[in-house]
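Indexing begins at 1, ligand by ligand and atom by atom, following the structure's order. Numbers for residues simply follow the sequence, beginning at 1.
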Amino acid sequence: MRVHFCGVRGSTPAPGSEFVRYGGNTSCVALAQDGADPTLLLDAGTGLAQVSRLLDRRPFRGTILLGHLHWDHTQGLPFFRSGDQDGAAVRVLLPAQGTGTAESLLARAMSPPSFPITPGELRGDWSFHSLVEGDHDIEGFAVQAREIPHKGGRTFGYRINDGQHTIAYLSDHHPSTLGEGSGGFGPYHEAALALAGDVDLLIHDAQYTAEEFPARRAWGHSTIDYAIGLAEAAGVGQLVLFHHDPRRTDDELDEIARSLESAPVPVTIAREGDSVPL
Ligand SMILES: [Zn+2]
Ligand SMILES: [Zn+2]
């Protein structure tokens, strides 16, 4: 498979000259098989617009798999030109929240007076469904969905296999709700370890530095150190730090990359526009 990083920022977009090299769009990762167009999109932040560029604005036909419903993972939906056109066929899957249909949950943020149109008013053939934990076949990928700790709404992490390689996607993860853990950043949650176990590529929340964490430990995210510890414990081939804090500048991310050259697992920093073959 090929992993296209279309938006790597967390919480809110980061426009401006200090953010151009790693990119300012919020979470969206596109998966493609065998040199084909992407068919499985992980989250629909503002980076979703970059998928339309990958497709040269041709219609998207596939699935958008949402990890949860926070703005930085959904606000790209109404601006997805390859989805909002005749000929598009878009299935949106989101974690069952215990109440409300999938479409009605999305419409809480995407409908008047908050937004001019509803999800159902997008052009093309759209459908919206709730997903339960467990194993699913989605666009030819084997997908395992497990609930992981985050804040404010049920959140899933995903383990995805294309028949040859496996990735895990835990974009927003807040292990410190469960306690201190060995590093003080939260314990390695059983579901997170299961999702990440022996994967080729782990894409993980790395919003905060260890120094920033004490003041933000209740904000729903992980530290870089936690992501590295989890990757090592799970036997991950390569860790990609993701969901960068919107204030984290390019220069700061460069400095973080340099500091991780001798990390116990290979670590890279997610960069919008990168395309990783597996
Ligand atoms: Zn987020
Ligand atoms: Zn979130």
Side-chain angles (χ1 to χ4, degrees), residues 3-15 19 22-30 41-51 64-80 92-98 100 102 105-106 108-110 114 130-131 133 145-158 167-178 185-186 189 191-192 195-196 202-209 212-213 215-224 226-227 230 239-248 253 269-272:
V3 183
H4 299 275
F5 288 89
C6 298
V8 301
R9 199 59 65 167
S11 302
T12 193
F19 309 99
Y22 287 90
N25 280 308
T26 61
S27 303
C28 182
V29 173
L41 311 182
L42 307 176
D43 281 329
T46 63
L48 188 58
Q50 302 302 315
V51 177
I64 299 174
L65 185 58
L66 302 176
H68 63 308
L69 300 181
H70 291 167
W71 287 353
D72 52 323
H73 301 258
T74 58
Q75 285 192 327
L77 283 173
F79 305 102
F80 182 26
V92 180
L93 302 177
L94 54 90
Q97 300 292 316
L105 289 164
L106 283 169
R108 286 194 198 172
M110 184 180 166
S114 300
S130 295
L131 193 73
E133 282 190 288
R146 293 287 304 271
E147 184 171 354
I148 55 173
H150 185 38
K151 181 173 185 176
R154 194 165 182 236
T155 298
F156 284 178
Y158 297 110
I167 70 165
Y169 179 80
L170 287 75
S171 70
D172 295 49
H173 183 198
H174 186 210
S176 64
T177 46
L178 306 172
F185 305 122
H189 190 260
L195 292 169
L202 168 63
I203 302 167
H204 196 281
D205 186 336
Q207 185 139 349
Y208 302 131
T209 64
E212 292 165 346
F213 189 66
R216 302 174 188 173
R217 64 176 298 119
W219 290 12
H221 298 287
S222 299
T223 63
I224 293 162
Y226 176 87
L230 175 67
L239 169 66
V240 181
L241 302 178
F242 190 74
H243 206 273
H244 309 313
D245 191 272
R247 287 163 286 196
R248 188 87 59 222
L253 286 167
I269 295 185
R271 185 192 299 260
E272 185 177 321

At a threshold of 2.8 Å, where the distance has to be below it, does the Zn ion (ligand 2) have an N, O or S atom of His150 nearby?
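Under 2.8 Å: His150 contacts the Zn ion (ligand 2) through an N, O or S atom.
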
The Zn ion (ligand 1) contact by [X], N, O or S atom under 2.8 Å:
| X | result |
| --- | --- |
| His243 | yes |
| His73 | yes |
| Asp72 | yes |

Does the side chain of [X] pick up a donor-acceptor pair with the side chain of [Y] at under 3.5 Å?
| X | Y | value |
| --- | --- | --- |
| Asp205 | Tyr226 | no |
| Thr26 | Asp72 | no |
| Asp245 | His221 | no |
| Glu212 | Thr223 | no |

Side chain to side chain donor-acceptor pair (under 3.5 Å) for Asp172 and His243? Distances and angles first, verdict last.
CA-CA 7 Å; Asp172 295 49; His243 206 273; 3.0 Å; yes

Could you pull out the atom name of the N/O/S atom in Asp172 that is nearest the Zn ion (ligand 2)?
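Of all N, O or S atoms belonging to Asp172, OD2 is the one nearest the Zn ion (ligand 2).
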
The Zn ion (ligand 2) - closest N/O/S atom in His70:
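The closest N, O or S atom of His70 to the Zn ion (ligand 2) is ND1.
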
